[in-house]
Amino acid sequence: MKKNIAVIRGDGIGPEIVNEAIKVLDVIAEKYGHTFVYTDADMGGCAIDKYGDPLPQSELDKCLAADSVLLGAVGGPKWDSVPGNMRPEKGLLRIRAGMGVYSNNRPAKIWPQLASASPLKPEIVEKGIDFIIVRELIGGIYFGDHKTYEQGEKISEDVMKYSESEIERIGRIGFETAKKRRGKLCSVEKSNVLDTSRLWKSVMHRLAEEYPEVELSDMLVDNCAMQIVKNPAQFDVIVTENMFGDILSDEASMITGSIGMIPSSSLGATSNGLYEPIHGSAPDIAGMDVANPIGTVLSAAMMLRYSFDMPAEADDIEDCVGRVLSKGYRTGDIMSGGEGLKRVGCSKMGDLISAEIKAKK
Ligand code: IPM
Ligand code: MG
């Protein structure tokens with residue numbers, strides 16, 4: 001199969017980790033007889049430097065024309081003082097909205113090889129951590145009006161708004177995801193305070209009638225933050241709005257060992273998806289060849305699975321990541337715990353995964 005992939009390397013460690021994912025994709029292409037054609041698109045700080053805009057239309061068009069988009073990370077202190085609507089992160093929000101990818105899927109699964117890297121007590125980890133956060137991605141407070149004005153002092157406002165149809169379409173993804181897994185969906189909101197959350201809850205319960213095979217529960221977001229560290233085994237699928245999902249998914253990643261391991265897929269009404277690791281651009285370690293490329297490599301695997309319908313190829317990548325970890329290779333972020341571990345850099349980790357895929361029959 002031939003597929004066109006738009007590649008956004010971005011800022012900080014973005015270019016390094018994307019290189020490793022492309023290394024792995026190229027090995028997959030050779031092994032399975034596919035052709036992947038890559039088109040670079042600029043977004044984030046590098047696009048601000050080049051065009052004065054974190055996502056010029058020309059770059060978004062490249063992404064819309066592709067079969068899928070692979071993204072590293074954007075942002076960094078260099079652009080901290082640019083106005084809010086021109087920040088690198090705005091590029092990220094705009095590409096998500098521009099592609100219409102309203103559903104962000106972030107798995108929190110513990111790799112047995114990394115169990116000792118989890119900050120949780122062993123008896124909690126032993127019960128298993130394997131859940132998915134389905135995060136609404138193009139609505140809510142991140143996309144409401146933002147303004148700052150003077151009224152004797154500075155006042156800022158960010159508007160949080162959700163329509164029933166926006167909630168319903170992400171709710172369906174939550175129910176469908178749970179149906180394919182262990183059949184448990186936890187809807188997370190703050191309905192004791194927020195109107196948007198009360199609407200959220202009512203839509204989820206209306207949908208539940210269409211999915212009798214899924215067991216729906218409700219949880220307040222503050223309680224959820226606590227339950228994720230207290231008893232993560234209780235969760236199968238969590239569905240939640242944009243900001244809550246942003247925060248909870250970082251927390252969920254940490255209990256699995258490292259945020260550097262977690263991939264994500266963002267999909268909308270078409271198969272053109274956006275695939276990115278959930279971590280940021282880590283400017284403090286950029287260019288040092290120490291970043292963990294596995295979150296990006298696994299994002300590429302998700303692209304093969306969800307956008308290109310190549311499940312065997314995706315399984316191959318995931319399996320080979322596991323094999324490399326089983327052999328004791330670790331980037332710095334996942335070094336903790338365990339004996340006889342071998343510390344490797346970003347590029348070496350990509351080489352090891354690629355070699356494993358090549359060698360495996
Ligand atoms: C993420 C990031 C982004 C988000 C930022 C950089 C805009 O934190 O993907 O989780 O909030 O969505
Ligand atoms: Mg985040």
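Read the numbers this way: they start at 1 and go in the same order the structure lists the ligands and their atoms.
Backbone and side-chain nitrogen or oxygen atoms of Asp246 are examined, and one is located within less than 3.5 angstrom of a nitrogen or oxygen of ligand 1. For ligand 1, none of its N or O atoms has an N or O atom of Tyr142 under 3.5 Å away.
For atom 5 (C) of ligand 1, the nearest protein heavy atom (residue, atom name, distance) is Leu92 CD2, 4.2 Å. Among protein heavy atoms, the minimum distance from atom 6 (C) of ligand 1 is reached at Glu89 CG, 3.6 Å.
For the ligand labelled ligand 1, residue Arg96 lies inside the 4.0 Å heavy-atom shell. Look at Arg135 and you'll find a heavy atom under 4.0 Å from some atom of ligand 1. Using a 4.0 Å cutoff on heavy atoms, Arg106 counts as a contact of ligand 1.
At least one N/O/S atom of Asp246, from backbone or side chain, sits under 2.8 Å from the Mg ion (ligand 2).
When side chains are defined from C-beta on, Lys31 counts as touching Asp316, because their heavy atoms get closer than 4.5 Å.
Taking a cutoff of 4.0 Å between a charged side-chain nitrogen and a carboxylate oxygen, Asp26 and Lys23 do not qualify as a salt bridge.
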### Task
Take Arg305 and Asp315 through the test salt bridge (charged side-chain N to carboxylate O under 4.0 Å, His left out) and record every step on the way to the result.
CA-CA 8 Å; Arg305 189 184 304 283; Asp315 285 347; 3.0 Å; yes
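Hydrophobic clustering of Ile, Leu, Val, Met, Phe, Trp and Tyr side chains at less than 4.5 Å, counting indirect connections, unites Ile317 with Leu352.
Judged purely by distance below 3.5 Å, without hydrogens or angles, the side chains of Glu166 and Ser163 pair a donor atom with an acceptor atom.
The backbone N or O of Ser271 lies less than 3.5 Å from a partner atom in the side chain of Ser307, making a donor-acceptor pair.
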